[in-house]
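Data first, discussion second: the structure below is written as structure tokens.
Just so we're on the same page: letters track the sequence lines, and every chain starts at 1.
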Number of protein chains: 2
Amino acid sequence: MLKFSKKADYALMALQHIAAVQVGDGAPGRVVNTKEIAEEYNIPLELLAKVLQTLAKNALIESHNGPKGGYVLARRARQITIAQILESIEGPLGITDCSHEKDGEFCMQREHCNIRTPLLKVQDSVYQLLNNMTLQDMMGGTPLIMIQSSTAQGVER
Amino acid sequence: MLKFSKKADYALMALQHIAAVQVGDGAPGRVVNTKEIAEEYNIPLELLAKVLQTLAKNALIESHNGPKGGYVLARRARQITIAQILESIEGPLGITDCSHEKDGEFCMQREHCNIRTPLLKVQDSVYQLLNNMTLQDMMGGTPLIMIQSSTAQGVER
DNA sequence: TGATCTCCGATCAATAAGGTCGGACTAAGA
DNA sequence: TCTTAGTCCGACCTTATTGATCGGAGATCA
């Protein structure tokens, strides 16, 4: 439940790897190819390729073709958020089906729906969480985020 | 992406409805049956039944059999958290596959995994969010939760 | 210019979710 | 007490999404 897809996991790993290589070398031009990442993390090569293609299409990384080709981060690591990565791979993220209703389509329960409003609030919170964390933050391993609730503290499981 | 399943949505609607009926009447003994909920929210009857069965098995609601039977909340609305509801329906919730590793099984990438630690932090935050919000909170429609981040404020999309 | 290495789009299989059906039980009413 | 109607309960099937794969097009370096 609420699990990321494999593709999303792979995307995060790959981006973290690319970012680490660039930062480590201090050379933004160093490209890293699909095979290198796939072998490092035991990811199916062709699937990872597809993931990277998608990321490139969404302008999170740049693709360099031909021999010695590969991928490079399109922006600085601190300018890429987790939310952006996930949205690139899986489309707009929303907890509920009715989050991104276009006119005409709406859920059968919309009229008497009693959970729409509170769920949208939860969704906003999750989105803030993911959009406030960047690729840069994932590198260091430092504590990042705190949550405060105005009600219902200390509910035992 | 990150979407709740239909079953989870139905569970939340049903529980909210049951809670509302009880609170509204002030009578904790008032039972509400599957059919009533299904018709109110246009939910497939048999599927909703299955959801309610699961909730009953997990002791979130009590089932009363026979004519005039139905379901009643097993506890007060403020003692039931969103996290508990979701876990009842979908099993333990975790963002990553490696969240609940039992000994022996582990993901192929575990050894060189570079995103495990930060993702577990995100997961904890989401869990806190869901576990700090109760069924009671969903009734009022009042603002509930705030998030603060220590880094990376104001990242534009 | 040739060959090799890369990215790219379309296609197929596996898993999980969504939905459905019939049976067993309980309790109220005659 | 017996009947009967209404309820919960468990197993089954269908559909949609995800995971994984294959062959082709483009570009670069020798």
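- Asn65(A) has its CG atom 12 Å from the C1' atom of dC29(D), to the nearest Å.
- Positionally, the nearest nucleotide of DNA chain D for Val32(B) lies more toward the 5' end than for the other of Gly66(A) and Val32(B).
- Of the possible polar contacts, one joining the Asp137(B) side chain to the Thr134(B) backbone as a donor-acceptor pair under 3.5 Å is found.
- Using a 4.0 Å heavy-atom distance criterion, Lys7(B) is classed as a sugar-phosphate-only contact.
- In the set dT7(D), dG19(C), dG19(D), dG19(D) carries the atom at the smallest distance from any side-chain atom of Lys6(A).
- Atom CD in Glu46(A) sits about 12 Å away from atom P in dT6(C), given to the nearest Å.
- Nearest-nucleotide assignment on DNA chain C puts the 5′-proximal partner with Pro67(A), out of Pro67(A) and Leu52(A).
- Rounded to an integer number of Å, the gap from NZ of Lys35(B) to C1' of dC8(D) is 15 Å.
- Contact annotation: the side chain of Leu55(B) approaches that of Ile89(B) to within less than 4.5 Å [non-hydrogen atoms, C-beta and beyond].
- If you take CG of Leu55(A) and P of dC8(C), they are 11 Å apart, rounded to a whole angstrom.
- Atoms CD (Gln53(B)) and P (dG18(C)) sit 16 Å apart, rounded to a whole Å.
- Contact between Tyr71(B) and Gln53(B) at its shortest, heavy atoms only, is OH-N, 4.0 Å.
- Nucleotide dG23(D) holds its P atom 16 Å from the NZ atom of Lys50(A), rounded to whole Å.
- For Ser63(B), whose side chain is taken as the heavy atoms from C-beta onward, the closest listed nucleotide among dG18(C), dC9(D), dT21(D) is dC9(D).
- Between Thr34(A) and dC7(C) there is a side-chain N or O to OP1 or OP2 distance below 4.0 Å.
- The shortest heavy-atom contact between Asn58(B) and Ser88(B) is CB-OG, 3.5 Å.
- With rounding to whole Å, Leu45(A) atom CG is found 14 Å from dG23(D) atom C1'.
- For Tyr71(A) and dC8(C), the shortest distance from a side-chain N or O to OP1 or OP2 is below 4.0 Å.
- Atom pair Lys68(A):NZ and dA3(C):C1' shows a separation of 17 Å (rounding to whole Å applied).
- Residue Glu40(A) comes nearest to His17(A) through the heavy atom pair CG-CE1, 4.3 Å, listed as atom of the first residue, atom of the second, then distance.
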